[in-house]
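Before any comments, here is the structure.
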Amino acid sequence: RPRVLSGIQPTADSFHLGNYLGAVRQWVALQETHDAFYMVVDLHAITVNPSPAELRRRTRVAAAQLFAAGLDPERSSVFVQSHVREHAELAWVLICQTGMGEAGRMTQFKDKSSKYGEGSAGVGLFTYPILQAADILLYQADQVPVGADQKQHLELSRDLAQRFNNRYGRTFTVPSPYILKEVEKITDLQDPTAKMSKSSSSPQGILDVLEQPGPLRKKVMRAVTDTGTDVVADDENKPGITNLLRILSAITATPIPELEARYAGQGYGTFKKDVAEAVVDAFAPIRERTEKLLGDEAELDRMLAAGAAKARAVAAETMAHVRENIGFLPTP
Ligand code: AQP
């Protein structure tokens, strides 16, 4: 079976609809056909310096949501990144293979660092994509299911794998992105050209998986739509309606042309109501299961320990090859 790997940051109290449709739902589907590794990337989350209590809480909430969304601990290795020490170790090795200019071209760093003063963004934020390359290469992943915002980082992972293999002999599988065009960028409800994001969307622009039905419905009904009344997909002129069409299409597995035909002549109101109900119906069971899983922390931690043990076995093997190939003496 080909291997698939991906990760999600514990940087909020809930995942949002973009994380769910763009990433987590694919993860659940891929565990049926792939050897699957999925992690909560807490080493990435400390690039923005959360408090220890917040990080602990969010890491467990993130893990619980992954299981609640359908990841099966029998079929997927679900773990917390910091439980596998090799991530940090390989990141250092790869940092030493990366050019400053190459790292400096990453647009996510430019976006995220722009809110800090000149030169004040953390070095961790700068090296974030290199740690991400280590995450992927450690597991010899063939495919990495992500949203469109991760394309450039995946390209760096591929470059680093190829460079290392050329310099030190075949060590890493060169990974490919797995991106579903239809859901690669779910956008902010209030700013439908920007991606829905944990850190930059306003509360009105984001639909959280753990949110109650009332607020979810309200936000969809108040989503920015475009002038006109036709429910048709048109990225240029109707980004708001197009985003809602993509959401309804993905959740209900209905092609967009079929939705356009169904809502022809009905205006935006009925359509938005249906989108709201679809979101509420998709999220409610995940919320309920997440709450249940969080009610037994000891069991959740046991599930994560089992995932970490499976991950560690693979990571240790890759790291042993890296150490040997790069010329480190055998560990005494
Ligand atoms: N709006 C989106 N549409 C489709 N996919 C998305 N993803 C994120 N936003 C969208 C995908 O979700 C996965 C996990 O994301 P992450 O936790 O690594 O963080 P991110 O990509 O940086 O997402 P956020 O919400 O913007 O988080 P913050 O604000 O913490 O940086 C990834 O596969 C991502 O592509």
Side-chain angles (χ1 to χ4, degrees), residues 4-30 36-50 54-55 58-59 61-63 65-66 69 71 78 80-81 106-115 121-122 124-125 128-129 131-133 135-136 141 143-155 157 175-203 205-210 223 235 239-240 242-244 246-247 249-251 279:
V4 74
L5 169 132
S6 201
I8 189 154
Q9 294 194 74
T11 40
D13 288 324
S14 171
F15 299 157
H16 57 72
L17 183 66
N19 300 137
Y20 178 65
L21 291 180
V24 177
R25 230 169 56 135
Q26 272 69 265
W27 302 6
V28 175
L30 288 165
F37 289 83
Y38 301 120
M39 62 193 159
V40 178
V41 292
D42 55 348
L43 296 178
H44 286 276
I46 64 168
T47 55
V48 291
N49 307 121
E54 189 174 67
L55 181 61
R58 289 177 167 177
T59 302
V61 173
Q65 278 182 97
L66 292 182
L71 291 184
V78 180
V80 175
Q81 183 187 27
M106 298 293 122
T107 55
Q108 194 178 78
F109 172 73
K110 290 184 195 163
D111 291 347
K112 291 202 171 179
S113 60
S114 63
K115 60 177 174 230
L125 213 50
Y128 180 113
L131 173 60
Q132 190 176 330
D135 300 339
I136 297 166
Q143 286 179 313
V144 185
V146 286
D149 58 323
Q150 296 300 324
K151 266 184 205 163
Q152 194 187 30
H153 290 171
L154 251 295
E155 208 41 59
S157 298
S176 303
Y178 177 96
I179 298 175
L180 290 192
K181 192 94 199 94
E182 309 77 53
V183 284
E184 66 172 19
K185 184 182 171 189
I186 299 299
T187 60
D188 185 309
L189 298 184
Q190 292 300 317
D191 179 6
T193 54
K195 86 163 186 165
M196 188 179 285
S197 157
K198 294 190 219 97
S199 57
S200 56
S201 289
S202 69
I206 193 167
L207 297 171
D208 278 336
V209 173
L210 300 184
D235 268 318
T242 307
N243 190 40
L244 295 179
R246 288 210 179 95
I247 292 170
S249 167
I251 295 180
V279 171

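Order of listing sets the numbers, starting from 1, for every ligand and every atom in it. The shown structure was predicted, so the numbers you read here are calculated from the model rather than taken from an experiment.
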Quick one: does Ile186 get an N or O within less than 3.5 Å of an N or O on ligand 1? yes
For the pair Tyr128 and His153, name the ring-plane relationship: parallel under 30°, tilted 30 to 60°, perpendicular over 60°. tilted
Flag the pair Glu54 and Arg58 as a salt bridge only when some basic side-chain nitrogen lies within less than 4.0 angstrom of an acidic carboxylate oxygen. yes
Do Leu207 and His16 touch side chain to side chain, with heavy atoms closer than 4.5 Å? no
Using a 4.5 Å cut-off on heavy atoms from C-beta on, say whether the side chain of Tyr178 contacts that of Val4. no
Going by an N to O cut-off under 4.0 Å, is there a salt bridge joining Asp188 and Lys195? no
Counting both backbone and side chain atoms, is some N or O of Ser6 under 3.5 Å from an N or O of ligand 1? no
May I ask you to list the atoms of ligand 1 that are less than 4.0 angstrom from any heavy atom of Lys112? 22 (O), 28 (P), 31 (O)
From atom 35 (O) of ligand 1, work out which of Asp149, Val144, Val146 has a heavy atom at the shortest distance. Asp149
Does the side chain of Leu189 come within less than 4.5 Å of Asn243's, by heavy atoms? yes
Among all protein heavy atoms in this structure, tell me which lies nearest to atom 30 (O) of ligand 1, with the distance rounded to 0.1 Å. Thr11 OG1, 2.9 Å
Atoms in ligand 1 with a heavy atom of Gln150 nearer than 4.0 Å: 21 (O), 35 (O)
How does Ser197 reach ligand 1, if at all, at less than 4.0 Å between non-hydrogen atoms: by side chain, backbone, both, or neither? both
What part of Glu184, side chain from CB on, backbone N/CA/C/O, both or neither, has a heavy atom under 4.0 Å from ligand 1? backbone
Is there a nitrogen or oxygen of Ser200 sitting under 3.5 Å from a nitrogen or oxygen of ligand 1? no
Under 4.0 angstrom from ligand 1, any heavy atom of His44? no
Would you call Lys185 and Met196 a side-chain contact if the rule is heavy atoms closer than 4.5 Å? no
N/O donor-acceptor pair under 3.5 Å between Gln81 side chain and Val40 backbone: no
Closest protein heavy atom (residue, atom, distance) for atom 15 (O) of ligand 1: Asn19 ND2, 3.5 Å
Any idea which part of Val183 is under 4.0 Å from ligand 1, heavy-atom wise: side chain, backbone, both or neither? backbone
For residues Val183 and Arg25, determine if any side-chain heavy atom of one lies less than 4.5 Å from a side-chain heavy atom of the other. no
Atom 6 (C) of ligand 1: which of Gly22, Gly18, Pro145 has the nearest heavy atom? Gly18
Among side-chain atoms of Glu182 and Ser249, is any donor-acceptor pair under 3.5 angstrom? no
Tell me: protein heavy atom nearest atom 27 (O) of ligand 1, and distance? Lys198 NZ, 3.3 Å
Separation of Gln65 CD from Tyr20 OH (nearest 0.5 Å): 11.0 Å
Once rounded to the nearest 0.5 Å, what's the spacing between atom CG of Asp135 and atom OG of Ser6? 9.5 Å
Considering only the protein, which heavy-atom contact is closest to atom 29 (O) of ligand 1, and what is its distance? Ser199 OG, 2.4 Å
With a cut-off of 4.0 Å, which atoms of ligand 1 are near a heavy atom of Ile8? 14 (C), 17 (O)
To the nearest 0.1 Å, how far is atom 20 (P) of ligand 1 from its closest protein heavy atom, and which atom is that? Lys195 NZ, 3.5 Å
In terms of atom number and element, which parts of ligand 1 are under 4.0 angstrom from non-hydrogen atoms of Gln108? 22 (O)
Mind checking whether Thr187 has an N or O less than 3.5 Å away from an N or O of ligand 1? no
Test Thr187 against every option in Pro239, Ser201, Pro192 by the side chain to side chain contact (heavy atoms under 4.5 Å, CB included) rule and name the one that passes. Pro192
Using a 3.5 Å cut-off on N or O atoms only, is Ala23 in polar contact with ligand 1? no
Which residue holds the protein heavy atom closest to atom 25 (O) of ligand 1, what is that atom called, and what is the gap in Å? His16 NE2, 2.7 Å
Applying a 4.0 Å heavy-atom criterion (strictly less than), which segment of Gln9 is in contact with ligand 1: side chain, backbone, both, or neither? both
